[in-house]
Structure formats: structure tokens, C-alpha cells
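A short worksheet on the structure shown next.
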Amino acid sequence: MTSIPWNTQLRELAKQCQYLQALTLYRQMLRCGSTPNAFSFPFALKSSASLSLPFSSQQLHCHVIKSGCSLEPFVLTSLISMYCKFNSVEHARKVFDENPISNQLTVCYNALLSGYALTSRLFEGFSLFCKMREMGVSVNSVTILGLIPMFSEPGYFSAGMSFHCCCVKLGLNLDFSVSNCLLTMYVKCGAVEFGRKLFDEMPKKGLITWNAMISGYAQNGLASNVLELYKKMKACRICADAVTFVGVLSSCAHLGAISVGREVEQQIESSGFSLNPFLNNALINMYARCGNLVKARAIFDGMPMKSVVSWTAIIGGYGMHGYGEIAVELFDEMIKGGIRPDGAAFVSVLCACSHAGLTEKGLDYFVEMETKHRLQPGPEHYSCVVDLLGRAGRLYEALELVKSMQVKPDGAVWGALLGACKIHHNVEIAELAFEQVIELEPTNIGYYVLLSNIYAEAENLEGVLKVRVMMRERNLKKDPGCSHLEHKGRVYLFLCGDQSHPQSVEIYRMVDELETLVKKLVGCKNNQERRSKELFLGMGVHSEKLAIVFGLLNSEPGTEIVVIKNLRVCEDCHLFLKGVSKIVDRQLVVRDATRFHHFRDGLCSCKDYWEKTEDLSFKIFEFENYIPKHKPVDCWFSRRRLQEYMVNCSMDKLWVD
DNA sequence: CTAGGGTTAG
């Protein structure tokens, strides 16, 4: 029987990515006594490789040799590509070397090159490229596409740029897919501005171009740039797809921009992407970070296939809001279900433990990580455990752990220790940790401020001065603290010390009044003294206080005002919130993820409030750490003032002689 | 042989 009809069908199935059906058809073909030929093997090989079936692929290789078509270019290429997909470039290379005709064929070089790129073997890949040029084999755009991923890692920026020049010389940079790929290369190296330049200069932009830029911003944490570009994209009438939404949703999660997130969710539903696992994971993350755990959980429960990423997202969500017990339960459930945790899953469960004060449980997991799951803990895991011990007050144990580390501790590890010293007022260890951390991250302003505040709390003014001088010498500027408040569909931005709001006189008066009342309640002795100290430290009135009071002034009695803090809140503000919630006739709810266990029984009835989050009148987000790099989105109030502030704000202004 | 995608603290 002739193999032609079989081949036609085989090709169609492989084209439509129906690999399992394609392989079944191939087997059927053999059973029927039809001999596969050079037009059958490529599709069968591709299907088998795509399904990650090494055994079946090896069998296919034998069939190829028996049938004698191993010298056919298309078959040869498929064989090389198949071995590359199984991460065995050596086998691929063997096939390449054993069939000298490969030396003449662009496609064979291309297949092997993409294999080297996949395993990031820069040197071998590049020498093969040189060989190709020496042999006079023509280079096409696919060759370039195969090579570029080798330079798409942080640290390979200059290599990537040289290669870009090489593309220009070959005239291949004008190819649409090559320029898209170059754009991706730059953003993956972390050279986002460079990528943006390329993006702006591209004469023709397709969906993939937009997506590459959007994802690039998202992966580099430039969330507001993502939303800005997304707006522009819509204005250009480019129809977004699932990949676009993934980038946009992750940025919404970072910014707490739930309104944009909901809009995107509706679009996902109407465009039929609801079953896309990538999108569902992004939605879980977005809802969890924006405070709606119920919605996040509903999406999670509705997913038919949950990957380790889905689990990590939901575990992180519960952990972030202090529900350590649930996070731990979920983690155990995941393992029972046969999903192997990876490094990221451990980061999220360890953080959950530290936020909820589950110290012993967290330490158990840390040990099990190596013994049970054979995962080498990285510095990111150590920083979680240092945080875990540190919050529990076990500072010396934490210090010993850092000293015993196999891998070199990074800034985050020492930073976690420094943060713990702030909570437990330990100046001695703080000095030690600070010395290390500024060695590793000399320009991270946060650590200087942290130490300065530790000294201030210990009433060590000499220490404060020392740090301030250091900051001035290094020309480091503290960006102003900033809070967002969402009210009736608008987002308001408050800076610390901001006076540009129309209601600012009223706001400040109320802050003052409340502070006085609060002081009585929490038993602080002198308002004036503390205020002058704050001024001296350059803190002024905290932005969240302004935001809260704005909320109070503009709401009806009995309204619920929600303060969602993703970052560390200063002690002073906690006292303020704690006091205010007792005074005013609004229900003031605070969620401070990072210090939750210190306030477990204090503050508020947080237990069931997430269920109602959808209908809240006010939300306040803390954005302090995001401001330096990104501008806030959708902010009517004070945007210009923020920019002015950023330009003018220097230590000298805050300096008191 | 072929450009874009989800999870991680401080």
C-alpha cells in the first residue's frame, strides 16, 4: 500500500499539534504494512519529541536507519531537533557529525544551534556558527533566531549587543521575527530602556512585538510601564491575546490595581481564554495580592489541572495575609497530590510560616527541603529562614545560620537580619548586619534608613548622625513615602508631608486631633517631642495617615475602611491606626502581612473581612518601595507634585544642623 | 530549523 495518504494525514495532525493522534496514526501505518519514508519520519519524530517520549523517539531513530533515509535533509534535521528537545545535545551532535551532508545544510546547523541555545552553551553554539560561516553555508533568519536565546540572560548584555551588530552586518536585523527576538533578548538581559528604544524604532509592530515589550517590563518589575503601554496598545487598536493579559495581570498584582485587573478578567472571559492555565495562575496571583482571597481561591479550585505554579500562587496568597495555617495545609496537600515542590514553592511556604509566626513548622520545612525533596536551598530560602528566626526573636540563631551558609549570603539575607533587629531593638547585631549588607548593596537606601531608625529608637543620636552622614557622602536620596487610596473609582496618591490636596488643611487638623487622642490611648508621653524627632529624621507625617484621614473625612459613619499593607509599617503608624479604630465610628481594618503575628489579637476583626472586600469603599495601599522606580498609575491627585518632589528631595533639605 | 507567557522575600 502506498504511504502517500498516510503522510498527508500525518502532516496535518502534526501541524495542528495533535501529536498523540499523529503517533497513533504512525503505528497504525506500520501495522497496515505501509513503509514509512522520508515524508513520514519528520512528523513522527516531531510528535514524539513534543510529547517527551524518549523511548518511542529512539525506536523511531532505528526505523529511520533501517529505512535508509537518514541522509534526507528534512529527516536529518528532525532527528537533530528531537535529540535537542531531550536535552541531549551530544546525541544531536553525533547525528550531525555522522552524516557529513549536515555540514552543507543550513537547516541542520539551525537545529543544532537551537539545541545549544536551549542548554545555554554559548561557546559551543558560537563556534558552530563560526564553522558554518567558514564552510560558506548560508545563514538565514532562523539561524539568528536559534542563536539569540544564548544571549538572553542577565550579564550577557554586551555579548548580545555584539551579536546584534553581527545581525546588522548580515542584513538580517530587518527580518520581523529577528527584530522581535532581539527585543526580547535585551529585556531578558535587564536592558529594558534599550529594548524600549528598539521597540520605538521598529517601523512595523505586531502583536508579538507589543507582547515582548509588555512582558519585558513585567519581568523587570516595571509594573506601571506595563499598564501605560497596554493603554497605548489599546489606543493603537491592537487586539490583545492571552500573552498580553498575563503581563498586564502580573503588573496589576504588583500595583494593587484591581480595577484594571477586573477589566482584564472580563475581557478574558469574553475572548474565551478562561481555560488558559497561565492566565488562571496570573489571576490567582492578582486577586490574592489585591486582597480578594476568596476570589483567588475560587479560581484555584476551578482549575482542572493545577501546576506547581498554581499551588505556589495560592499558598503565597494565604501566607501574604497571615493565614499561615491554611498555607501550610495547602502545601502538604500539594505534596500528597504528587506535585513536586520547586524552589519557588518553598519560598512561598517559608514566608507564610514566618508571617504567621509558625517558626517550628517553617524550620521543619527548611530541613525537609534537602532531606526529602533533594533541593539545594539558595540564598532566597536562607533569607526566609533568617526572617523566620528573626521575627521570633531568635537573633543569635539567625546569625549563626547565616555564618554557616554553604552559598554566599546575598543582600536579602543580611537585610532580613537587619529587619529583625529593628523589631527586637538589637543594635549590636544590627551594626554587624548593616556592615555586610551595604557591602553587597551599597546603594539600597532602605538599609540605611532601617539602621538610622534602629539607632533613633535606641536614642542613639550619634548613630543616627553617623548613618545620615554616610548617606550624604554617598549621595543617596530618600524617596518620599507614598500611599494610594481608591475611592469611588479614582485612585488618590498621598506623599508624606504632602500639602497639595484641596482638603489638606482639614486633613492635617484631623491628623493632629487624632494623634493627640491616640497618644492618650496608647500612653505616649509627649506628642510635640515625638513630632520634632520625626521631623529631625525627615519622616514628617506618614502618607498612610493622610490617606486614612482623607478616607475618614469623605465617608459616612459606619463605613468600612480597609488598609492593606504589603510592606512593613512603622510602629508609629500602627499605634495611630490602633488608636483611630477605637475612636472613630468607622470600622477600620488593617492587614499588615509582614508583621501580622505581632498584632494577632490586637487590632481588628480581620477574620472574615476578605469575603466582603469587593464592596469596600476605601482601600489604602502602601507603595513606599515601588515609587523610586515606577510612577503610579491612574493617579489624578499630586502626580506632578510627586515628580517635583522626586527631583528636589535631597538629604540636604531634611538636614537639621 | 522559527520571535511573546504564570509563582518568590526584604
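In what follows, chains carry the letters A, B, and so on, assigned in the order in which the sequence lines appear, proteins first and then strands, with residues in each chain numbered from 1.
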Sugar-phosphate only, base, or nothing, as touched by A:Ala242 at under 4.0 Å among non-hydrogen atoms: base
Under-4.0 Å side-chain N/O to phosphate OP1/OP2 contact, A:Lys205 with B:dG4: no
Sugar-phosphate, base or nothing in reach of A:Phe300, heavy atoms under 4.0 Å: nothing
Under 4.0 angstrom between A:Arg289 side-chain N/O and B:dG6 OP1 or OP2: no
Any donor-acceptor N/O pair under 3.5 Å between B:dG6 base and A:Asn280 side chain: no
Rounded interatomic separation in angstrom, taking NE2 from A:His355 and C1' from B:dT8: 11 Å
Sugar-phosphate, base or nothing in reach of A:Ser81, heavy atoms under 4.0 Å: sugar-phosphate
Nearest listed nucleotide, side chain of A:Gln219, among B:dA9, B:dA3, B:dG5: B:dG5
Any residue meeting side-chain hydrogen bond (donor to acceptor under 3.5 Å, both in side chains) with A:Thr143, in chain and number order, not counting sequence neighbours: A:Asn110, A:Asn140
Separation of B:dG6 P from A:Ile339 CD1 (nearest whole Å): 19 Å
Under-3.5 Å donor-acceptor pair between A:Ser307 side chain and B:dG6 base: yes
B:dT8 OP1/OP2 closer than 4.0 Å to side-chain N/O of A:Asn285: yes
Interatomic distance where CG belongs to A:Leu79 and C1' belongs to B:dC1 [whole Å]: 13 Å
Rounded interatomic separation in angstrom, taking CG from A:Leu182 and P from B:dT2: 17 Å
